[in-house]
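In what follows, every chain begins at residue 1, and chains take the letters A, B, ... in the order their sequences are listed. Predicted, not measured: the structure shown is a model, and the values here were computed from it.
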Protein chains: 2
Amino acid sequence: MSLKELSLRLGLSQTTVSRALNGYPEVSERTRQRVMQLAREMNYRPNPSAKSLATGRTEHIGIVLPIEKNLFVEPLFGEYLAGVAQFLAESDMDVTVIPTPLSQEQKVYEQLAMSGRVDGLLISSPAVVDSRVASLAATNLPFVLHGRTQCEHPYSYCDIDNQGAFAKATRLLIELGHQRIGLINDECSLNYANDRYLGYKLALEQYGIPYDPSLCTQGGMTEEYGFNAVAQLLMHRPRPSAFLVSNMIFALGAMRALRQHGLEPGHDIALIAHDDHIPYLQADKFDPPLTTTSSPIRRAGYEITQMLHREIEMRSQNQAKQCKVLEVDLVIRGSTRIRKV
Amino acid sequence: MSLKELSLRLGLSQTTVSRALNGYPEVSERTRQRVMQLAREMNYRPNPSAKSLATGRTEHIGIVLPIEKNLFVEPLFGEYLAGVAQFLAESDMDVTVIPTPLSQEQKVYEQLAMSGRVDGLLISSPAVVDSRVASLAATNLPFVLHGRTQCEHPYSYCDIDNQGAFAKATRLLIELGHQRIGLINDECSLNYANDRYLGYKLALEQYGIPYDPSLCTQGGMTEEYGFNAVAQLLMHRPRPSAFLVSNMIFALGAMRALRQHGLEPGHDIALIAHDDHIPYLQADKFDPPLTTTSSPIRRAGYEITQMLHREIEMRSQNQAKQCKVLEVDLVIRGSTRIRKV
DNA sequence: TTGATCGTTCAAAGCGCTTTGAGTTTATGC
DNA sequence: GCATAAACTCAAAGCGCTTTGAACGATCAA
């Protein structure tokens, strides 16, 4: 069922049928109704490739997926994608996931800008200095970064206030009397992890508490790493009396380590985790319920896609970049119930 | 940089350039080299929409993502997608994720068959009787089902042997002396969960152990549900002496519940989980290491995509459907160490 | 009545590629 | 030297849509 066939049956030109279907005003209402009617009956769908070729838009946004890295395979990716999808469903677009060997990542980003495969790009998990952003900023393919990075050129981004969040959390612990606070962080080459680290350090400084680098660890997001890191820090003397962990997977491992050492979180020791709201690991369902810095990543996915959509619509008028920083709540629960004495 | 421009610079026709680039034999080697050379220098990328329009292939496979359901937002989706991506990277294809409100799911599947948006479709998490499969089987859009379902028409699928796996696991427990075995399962409306249930029941039958429906529970994949289900079953008298849980998230909750009741898995009570190999939750890193029915879902993603690819290539010759059932290993570890006396 | 205006429709060009069918050149065999 | 085949190249059509610019008839003001 093509436009041509449809227009033949209707005794109209393709022009008129196309316009009727796309809501152009120069078609009489009677004609439009006839067209729509038949289109519905025939179950007509315009061919997307033909449409793209003619309009130059694909109605697809792209996400590059590095196949070796586990970056995207994290529990967070699903939630993030769900948010992205939620927005796209509203504006009738799709997402193209572009699987790419790590070695070719840079090249793929460059090509994407030329090829017109997608109308825009979402980029995740930036490094502290991220070359992808720099090279994309030089093209005119719309993109929004999920996070921030150091880059000379301006670019649009949507990030959460990682630094503020971890400063807040650290201050809470300090005010509860903790001086030796272990930080179990994601890899600090990633900007968000680095920001969290900076927030932690900032809070210590503000209270004049000496910063001890041996209390700061970083590693890949696995339950095992959370366990090992906490277990190891528990050997330090004087022992840390509180832990700040960068995600819920770490939190699982941390809980296990603490319990194994006979320590009851919220009772003998304080624990705060960052919570991205993974549906199957809810902080308030932990035992004890976990105090968290809380920021739904699904919402971030929704918002960033909205921003990208705007970016695409406005492509011609090259307007100012959009920058959004989402606040992070500090949600106090049982795992910090006890004041250190 | 279009074909036209490229051919002008080379002083060749578009035909020749196109053929040179696409490896057709009727181009001299000298010409081909010249063409490839300039194409590389100019960083030429054929426009995908134009290519699709001309060839009728998009080089995209589709995955419909129901935006409300958490089905895809499970920890497994990322791993599965990673496997899909891994294969696609090898054959230079992309995946189109099509976000869809649950209410429109059926319609979207129908449209997909008409519209030529994708060359083929991957379908996941079938219900015991799944209408998507029935309606797709009526079209000529290639698709492969991840799992199985009851359907009159033949269709291609790739599944794991859920029934066999859970029968094996149950038999192990029985042979260790357990008679009252709790089953913490995913929703049995899903075919894979139902199969696991059938496997469990089958093994009981084989050993002449009476089946007690009150020992079988089903629920959504959250840590909390795993916890609650086990906690509740522990109240039964006589108390179950072993648990079979359907995923690693449940296993987390189960461990927590057991410990809270003063039971040490592998010592006071036996525990087997199904393990899809989520990278951040590894069964052998649990304490004690978990006995599992083990089947990497990433591999399944790879295999099913390979099958779909074959299906697409062979579309014209309508050959027999492909059916593959992956074996599931039973990996014995510490959580079933102790023989019941 | 005339010319301008509006509302409605259309033919045709164009988007960037592949592919058909034909044309041109060069090598091969007799 | 000539016919035949092989090797190479090309012009043009076609994929299914949008969009430009023109055309047509009806309406209206002068």
Review point. Are a donor atom and an acceptor atom from the side chains of A:Glu311 and A:Ser156 found within less than 3.5 Å of each other?
Key: yes
Point to revise | Residues A:Thr31 and A:Ser28: side-chain donor-acceptor under 3.5 angstrom | key: yes
Check your understanding: Do A:Gln33 and A:Gln37 have a side chain donor and acceptor closer than 3.5 Å?
Key -> no
**Study point:** Distance-only side-chain donor-acceptor flag, B:Glu110 / B:Ser135, under 3.5 Å
**Key:** no
Review point. Does a side chain donor of either B:Gln106 or B:Arg132 reach within less than 3.5 Å of an acceptor in the other side chain?
Key: no
Check your understanding: Side chains of A:Gln104 and A:Tyr109: is there a donor and an acceptor less than 3.5 Å apart?
Key -> no
Review point. Nucleotide range of DNA chain D contacted by chain A, 5' to 3', under 4.0 Å to a heavy atom?
Key: D:dG16 to D:dG21
Protein-nucleotides 7-10 of chain C N/O pairs closer than 3.5 Å?
residue	atom	partner	partner atom	Å
C:dT9	OP1	A:Thr31	OG1	2.9
C:dT9	OP2	A:Ser28	N	3.4
C:dT9	OP2	A:Thr31	OG1	3.2
C:dC10	OP2	A:Ser13	N	2.8
C:dC10	OP2	A:Ser13	OG	3.1
C:dC10	OP2	A:Thr16	OG1	2.9
C:dC10	N4	A:Arg19	NH1	3.0

Check your understanding: With a 3.5 Å cut-off and no angle check, do the side chains of A:Thr58 and A:Asp119 form a donor-acceptor pair?
Key -> yes
